[in-house]
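Below is one structure, written out as structure tokens; comments come after it.
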Amino acid sequence: MNKMEKTPLLNDERRWVLSQAAYDFYFFQNRLYPRKAALEWVGNRYRLSILERQLLHRGVFSQGTALGRRSRKVTGGDLRNQRLLVDGHNVQITVESAILERPLVKANDGAMRDLAGQSSRYRLSDTSELAADMIFHLLELLRPRRVDFLFDAPMSQSGMLAAAYRRRLNSRGMPGEARTVPVPEREMDYGESIIASSDQAILESSSRWLDLAHEVVDASCSTDVFADFSRMIMANPLSAGD
């Protein structure tokens, strides 16, 4: 396996700066400021790098948004005899990012997300095979009634990835399907199925969602998240960082 160079960890000074910026960003969202404008203002005020701004964008949401998403989140133990619908590339790339020690963030809405930005240049590799094996190993333990994987058809090699998943479904005798679709979020059965994803738009529409990638990583490998905002949920929503 070829690991990409690991992103340097933030030093104590930058962690303190990022923490202050996160609380200010949280404050502005709870005050209903436009999210994009709030991130730009906070990023400029604290002179945040592109990576630090990405961490806030993918990790910090208003208290109402975060609590709403958390209220619909389920755990792997809830999967037994349920239908699971998987946002294929979202889960696959996040698990690969954990294996390769790319930056991960724990968000205050209960999801773990990667910052890889791999969508446009994603390619199958030995890491892809390992990540898929890890995903299926956990699913065999959780025993959902059926698992369907939806992959983004426009992404490179999506058909090959779906075929690799179909082979695993067949070899394990696991009911389900893996296919490519133009826009996976438009194919989701939000009312009846448990949705596996960390995509913000999908979480907003789901009646029940599972952070499958996070559960796979916790069960299969050790990794350190780059930033953890998961506890930024009960802080005073109208109190800024300073």
Side-chain angles (χ1 to χ4, degrees), residues 1-7 49-51 53-55 57-59 84-105 107 111-139 144 146-172 174 176-190 193-206 209-217 220-221 223 225-226:
M1 182 195 316
N2 295 321
K3 279 193 177 184
M4 66 181 292
E5 184 177 350
K6 187 175 180 179
T7 304
S49 67
I50 292 175
L51 174 63
R53 292 173 195 237
Q54 288 179 329
L55 289 169
H57 174 65
R58 296 181 69 78
L84 180 66
L85 192 53
V86 182
D87 183 5
H89 278 105
N90 178 277
V91 174
Q92 174 76 23
I93 292 175
T94 304
V95 175
E96 287 190 35
S97 292
I99 296 170
L100 295 171
E101 298 183 359
R102 292 169 175 153
L104 297 170
V105 58
M112 183 182 76
R113 298 185 175 91
D114 73 286
L115 283 75
Q118 292 293 302
S119 297
S120 62
R121 57 184 184 274
Y122 179 77
R123 297 292 185 276
L124 294 177
S125 65
D126 290 344
T127 305
S128 306
E129 293 292 320
L130 177 57
D133 285 341
M134 289 164 56
I135 291 167
F136 273 89
H137 176 70
L138 182 64
L139 290 176
R146 178 184 174 91
V147 186
D148 292 296
F149 299 90
L150 300 180
F151 294 94
D152 288 274
M155 287 183 60
S156 177
Q157 300 183 331
S158 59
M160 295 171 62
L161 184 57
Y165 269 70
R166 285 195 296 271
R167 288 195 296 272
R168 285 174 171 82
L169 284 167
N170 293 333
S171 66
R172 289 166 171 79
M174 188 178 295
E177 179 60 282
R179 57 192 176 95
T180 62
V181 296
V183 185
E185 54 265 36
R186 294 180 183 173
E187 305 285 334
M188 299 288 183
D189 179 10
Y190 292 108
S193 300
I194 294 175
I195 310 295
S197 181
S198 64
D199 181 88
Q200 298 176 38
I202 289 177
L203 301 196
E204 282 298 302
S205 300
S206 301
W209 66 276
L210 169 73
D211 192 352
L212 180 61
H214 194 178
E215 300 224 5
V216 169
V217 170
S220 303
C221 64
T223 187
V225 294
F226 202 77

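For the single chain, residues carry numbers from 1 onward in sequence order. What you are looking at is a predicted structure, and each value in this text was computed from that prediction instead of being measured.
- Shown here are the side-chain hydrogen bond (donor to acceptor under 3.5 Å, both in side chains) partners of Asp211, two or more places apart in sequence or in another chain: there are none.
- Leu161 places none of its side-chain heavy atoms less than 4.5 Å from the side chain of Phe149.
- Within the 4.5 Å cutoff, no side-chain heavy atoms of Ser158 are placed close to those of Asp152.
- Glu177 is linked by a salt bridge (Lys or Arg N to Asp or Glu O under 4.0 Å) to nothing, counting only residues two or more places apart in sequence or in another chain.
- Proximity of Leu212 to Leu138: side-chain heavy atoms (C-beta onward) are separated by under 4.5 Å at one or more points.
- For the residue pair Ser198/Asn90, the side-chain donor-acceptor check at 3.5 Å is satisfied.
- Under the rule for a side-chain hydrogen bond (donor to acceptor under 3.5 Å, both in side chains), Ser205 has no partner lying at least two apart in sequence or in another chain.
- The heavy-atom pair separating Leu84 from Pro144 by the smallest distance is CB-CB, 4.4 Å.
- Looking only at side-chain heavy atoms (C-beta outward), Leu150 and Val86 stay at 4.5 Å or farther from each other.
- Checked against side chain to side chain contact (heavy atoms under 4.5 Å, CB included), Ala107 has the following partners two or more places apart in sequence or in another chain: Phe61, Asp109, Arg113.
- The side-chain hydrogen bond (donor to acceptor under 3.5 Å, both in side chains) check on Ser197 picks up Asp87, with sequence neighbours excluded.
- Residues meeting the side-chain hydrogen bond (donor to acceptor under 3.5 Å, both in side chains) test with His214, sequence neighbours left out: Asp218.
- In this structure Asp148 satisfies the salt bridge (Lys or Arg N to Asp or Glu O under 4.0 Å) test together with Arg83, Arg146, sequence neighbours excluded.
- The heavy-atom pair separating Leu115 from Val105 by the smallest distance is CD1-CG1, 3.8 Å.
- Contacts classified as salt bridge (Lys or Arg N to Asp or Glu O under 4.0 Å) and involving residues 153-168 (residues at least two apart or in different chains) are given here: Glu129-Arg168, Asp133-Arg168.
- Residues passing the side chain to side chain contact (heavy atoms under 4.5 Å, CB included) test with Glu96 are Gln92, Tyr122, Ser125, Thr127, Ser128, Ala131, sequence neighbours excluded.
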